[in-house]
Amino acid sequence: MNAPGLAITRRLRSTPFSSRIEAAGVKTYTVYNHMLLPTQFRGVEEDYHHLRSAVQVWDVGCERQVELAGPDAARLAQMLTVRDLRKFEVGRCGYAPVVDDDGFLINDPVALRVADDRWWFSVSDSDVLLWAGGIARGMQLDVTVREPEVWPLAVQGPFAEDVVAAVFGESARAIRFFRFAPLEFKGHSMLVARSGWSAQGGFEIYVDDAELGGLLYDALIDAGQQYGIGPGCPNLIERIEAGLITYGTDATRSDTALEAGLLRYCSLDAPIDAIGIDALRRQRDAGVSRRICGFMIEGDRVPHQRNPWPASVGGEAVGEVTSAVWSPRLGTNVALGMLPIDHLAPGTQVVVSCTDGERVATVVDVPFPGSSQR
Ligand code: THG
């Protein structure tokens, strides 16, 4: 079947790297924060092996920054996320769930303290700009909320450090996990973080100049020739194996941060004034009734489309599989989904109604074995 194409209009914003990745042969896009996000280059399986063995440059310009700047920036940042930000010094970033008053997930950004009175929330696919701006307005906070012209460019894979050091200098090697530092490219300072949406290790460069962005892309590709560098993007197989959830697919506005498996990033015992933290405390105390988990799905490769698929036990619907793909490394289908708490023990079996029929799936721990080379 011939898949329909995507009409690229003004609402579907390009990035400073779009011309490069189109020249490099991007095969498919998805839409993320009203922008283009590549999903495959040579193919999901080829891209997967390449990401794990070499190094890739990713156009993740769609990871938009919601900037909070001014005297009340820190206060607004802490209202927006249930993660305790009190120990976030300048140069630190971290996964920081944003929830509504009832604890339901609005976004799962990376928060960066860019300066004493300036924060960036590097958001997944939902309109945090409106939520943050509305809170600032409603509470009459002394803060500016805007979306700056910043387009992250990720370098991911086992040789990422060598490539970034070749372009930005040896000091890049000293940046620790989830820290960032200003480094120079052609005399222009950019924030470079050791982070990224894979378990292979790497960096994210917060590019704030469109013209330099294209040149930086070219410089990274040049410097990476000896390591087999190529274009890439967040990889479906790799991120399921790593247990990285994607907002809008594995977790939505209908799931709380705890149901989304983000308890580790919710500072429920900290004395902070975050929106929704009381609801999450109550949910933790009462016991969460369902949660995201990993699966192995039996049989040959699952069809690559149209999740979620219902999951049932004894003919009764219990949950769903939200992302699934064949893992060529593990020789089985790997998946993420949502099940009631009493079905979450590893080894529990459910029946999944895939697009092409019913299959048996087994609950497993995530990350999958051997997923992380970080
Ligand atoms: N990088 C940046 N912005 C982003 C993403 C990113 N915005 C959108 C989306 N991705 C946000 N979601 C995630 C999810 C997981 C992680 C990062 C962003 C992640 N988690 C680590 C893990 O689970 O092992 C640990 C995080 C921590 O220790 O704080 O990397 O990828 N800029």
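Just so you know, ligand 1 is whichever comes first in the structure, and atom 1 is the first atom listed for that ligand. Start at 1 with the first residue, then count along the sequence.
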- Message: Residue by residue, ordered by chain and number, which ones reach under 4.0 Å of ligand 1 with a heavy atom?
- Response: Y32, E63, R83, G94, Y95, D108, V110, S122, V123, S124, F178, G196, W197, E204, Y206, L244, Y265, R374
- Any donor-acceptor N/O pair, D108 side chain to T246 backbone, under 3.5 Å: no
- Ion pair check, E89 and R179, cut-off under 4.0 Å: yes
- Task: Could you tell me whether the side chain of D100 and the main chain of F104 form a donor-acceptor pair under 3.5 Å?
- Result: yes
- Sidechain N-carboxylate O distance under 4.0 Å for R146, E67: yes
- Message: Out of the candidates E63, R64, Q65, only one should pair with S122 under the side-chain hydrogen bond (donor to acceptor under 3.5 Å, both in side chains) rule; please name it.
- Response: Q65
- Query: Quick one: is the NZ or CZ of R92 closer than 6.0 Å to the six-membered ring centre of F88, and within 45° of its axis?
  - Reply: yes
